[in-house]
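Below you'll find the structure, written out as structure tokens, and then a few comments.
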Amino acid sequence: RREDLWQARIQIEQKQKRLTIGGELLDAFDRKEINPEKVIYSDESRFWTQGYVNKQNNRTYAKKRPETTLTKSLHPQKTTHWAAISDKGIVGPFKVPQGKTVDQEVYNDILKNKFVPKAREMGIVDGYWFQQDGATCHTTKKNLKLLNDVYGDRVISKNYPQNFGGRGKEWPPNSPDLTPMDFSVWGNAKQDVFKSKSKTVAGIDNEVKRSMKKMTKEYCKKTLNSV
């Protein structure tokens, strides 16, 4: 069955929940409860020095076994960046400390010491909604409380309504393709990194920053309106 073959392995009940919550969000947009241009979508993404392709996503059928070989490092280096998109422009990117993963404390530091000050500077707090996906580090009580302190009822996140009396909005589970960060921002940044042929972490970091500087307010507004 196709559900079993898809990499996210969405089960039937998860699929239904995704449709239900997604429908509720669309209704909130239609009722003007949420202005699509006043949603800040956030996400992090990894960039590899030798590129990275999940081989489980690809199948090649041929009449004979290919003889071409490709030499790769066993453990290529990677760098991780967090960023957000708003109608006033891109926020970030903020680099995750090299060698660290995005856990509760790393994410809290990004929000508290990097994102929130920049968001206040850009004027994207009052009247704006903040969206994040359901990654465990995002949805800890510590980080949900931080978002509640800044955005109040205007948070779209897994587990947010349950923790704050039904306020805010739930984010659909297993939804890797619904936000502008996924279908536009990171895609464009990775394309620019690929074109640059950068093979070092420092080089990739610079290309990510350069790519996002090219993303204008007009691009951001157009992307937000395509959701």
Side-chain angles (χ1 to χ4, degrees), residues 7-8 40-58 60 68-86 88-122 124 130-140 142-143 146-147 157 174-217 219-220 223:
Q7 62 173 354
I40 303 162
Y41 294 93
S42 66
D43 196 17
E44 58 269 333
S45 188
R46 291 177 180 174
F47 296 78
W48 301 76
T49 54
Q50 290 191 351
Y52 177 78
V53 176
N54 185 348
K55 292 183 291 184
Q56 298 305 314
N57 296 341
N58 298 281
T60 301
T68 303
T69 59
L70 177 64
T71 302
K72 284 188 175 183
S73 298
L74 183 59
H75 301 292
Q77 288 185 300
K78 63 180 179 290
T79 179
T80 305
H81 289 264
W82 183 95
I85 184 173
S86 75
K88 293 187 178 179
I90 298 292
V91 189
F94 302 126
K95 178 180 168 65
V96 173
Q98 196 63 29
K100 289 192 175 183
T101 57
V102 185
D103 59 16
Q104 172 185 245
E105 297 305 323
V106 168
Y107 187 56
N108 186 268
D109 178 69
I110 290 173
L111 290 178
K112 183 178 180 180
N113 298 317
K114 297 178 180 178
F115 169 73
V116 172
K118 189 64 177 178
R120 294 193 188 283
E121 177 187 320
M122 294 173 64
I124 54 172
F130 180 89
Q131 179 276 340
Q132 62 178 7
D133 65 26
T136 302
C137 62
H138 297 171
T139 58
T140 62
K142 179 177 183 178
N143 288 330
L146 189 158
L147 291 173
S157 171
N174 302 97
S175 303
D177 57 348
L178 294 184
T179 82
M181 295 302 299
D182 292 307
F183 67 71
S184 185
V185 175
W186 289 131
N188 287 335
K190 291 191 175 185
Q191 186 175 52
D192 286 342
V193 169
F194 178 78
K195 288 179 180 178
S196 75
K197 299 182 180 180
S198 297
K199 298 298 182 183
T200 66
V201 166
I204 292 174
D205 290 341
N206 288 332
E207 289 300 328
V208 173
K209 293 177 183 177
R210 186 177 294 111
S211 177
M212 291 197 170
K213 282 184 179 179
K214 296 189 303 182
M215 298 179 189
T216 64
K217 288 183 181 180
Y219 158 83
C220 291
T223 304

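Below, each value reflects all heavy atoms present in this structure, side chains not excepted, and no hydrogens, waters or symmetry copies.
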| field | side chain to side chain contact (heavy atoms under 4.5 Å, CB included) between Val201 and Ile204, worked out | value | CA-CA 5 Å; Val201 166; Ile204 292 174; 5.8 Å; no
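- Taking all atoms of both residues into account, the shortest heavy-atom contact from Ser211 to Asn188 is OG-O, 3.9 Å.
- Partners of Asp43 according to the salt bridge (charged side-chain N to carboxylate O under 4.0 Å, His left out) rule, which considers only residues two or more places apart in sequence or in another chain, do not exist here.
- Contact detail for Cys137 and Val102: the closest heavy-atom pair is SG-O, 3.2 Å.
- The side chain to side chain contact (heavy atoms under 4.5 Å, CB included) check on Thr200 picks up Ala202, with sequence neighbours excluded.
- Residue pairs meeting the salt bridge (Lys or Arg N to Asp or Glu O under 4.0 Å) criterion with at least one partner in residues 185-196, sequence neighbours excluded, are Asp192-Lys214.
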| Verdict with reasoning, Ile110 to Val96, per side chain to side chain contact (heavy atoms under 4.5 Å, CB included) | CA-CA 8 Å; Ile110 290 173; Val96 173; 4.1 Å; yes
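- Between Thr101 atom OG1 and Glu44 atom CD the span is 10.5 Å, to the nearest 0.5 Å.
- Ser198 meets the side chain to side chain donor-acceptor pair (under 3.5 Å) test with Ser196; sequence neighbours excluded.
- The distance from the CD1 atom of Ile85 to the SG atom of Cys220 is 4.0 Å, given to the nearest 0.5 Å.
- Nearest approach of Ala83 to Met181, heavy atoms of both residues: O-CE, 3.7 Å.
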| request: Dump the intermediate steps for side chain to side chain contact (heavy atoms under 4.5 Å, CB included) on Phe94 and Leu111, then the final yes or no. | output: CA-CA 10 Å; Phe94 302 126; Leu111 290 178; over 6 Å; no
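- Within the structure, the salt bridge (Lys or Arg N to Asp or Glu O under 4.0 Å) test picks out the following pairs touching residues 105-118 (sequence neighbours left out): Glu105-Lys142, Lys118-Glu121.
- For Thr140, the side chain to side chain donor-acceptor pair (under 3.5 Å) criterion is met by Gln104, Asn143, not counting sequence neighbours.
- At distances below 3.5 Å, at least one donor-acceptor pair connects side-chain atoms of Gln98 with backbone N or O atoms of Lys78.
- A search for side chain to side chain donor-acceptor pair (under 3.5 Å) contacts involving Gln191 returns nothing, not counting sequence neighbours.
- Interatomic distance, CE of Met215 versus OG of Ser184, reported as 6.5 Å (0.5 Å rounding).
- Sequence neighbours left out, the pairs with a member in residues 185-205 that pass ring pair (Phe, Tyr, Trp, His ring centres under 6.0 Å) are Phe47-Trp186.
- Thr216 contributes atom OG1, which lies 9.5 Å from atom CD1 of Ile90 (distance to the nearest 0.5 angstrom).
- Residues forming a side chain to side chain contact (heavy atoms under 4.5 Å, CB included) with Pro117 (at least two apart in sequence, or on another chain): none.
- In terms of the ring-ring contact (aromatic ring centres under 6.0 Å, His included) criterion, residue partners of Phe115 (sequence neighbours excluded) are, by chain and number, Trp82, Phe130.
- In this structure Val116 satisfies the side chain to side chain contact (heavy atoms under 4.5 Å, CB included) test together with Arg120, Leu146, Val150, sequence neighbours excluded.
- Shown here are the side chain to side chain donor-acceptor pair (under 3.5 Å) partners of Gln132, two or more places apart in sequence or in another chain: Tyr107, Ser157.
- Residue Val208 forms a side chain to side chain contact (heavy atoms under 4.5 Å, CB included) with just one option from Lys213, Lys95, His81, and that option is His81.
- Of the possible polar contacts, one joining the Thr49 side chain to the Gln77 backbone as a donor-acceptor pair under 3.5 Å is found.
- Between Trp48 and Val193, the closest side-chain pair of non-hydrogen atoms is not below 4.5 Å.
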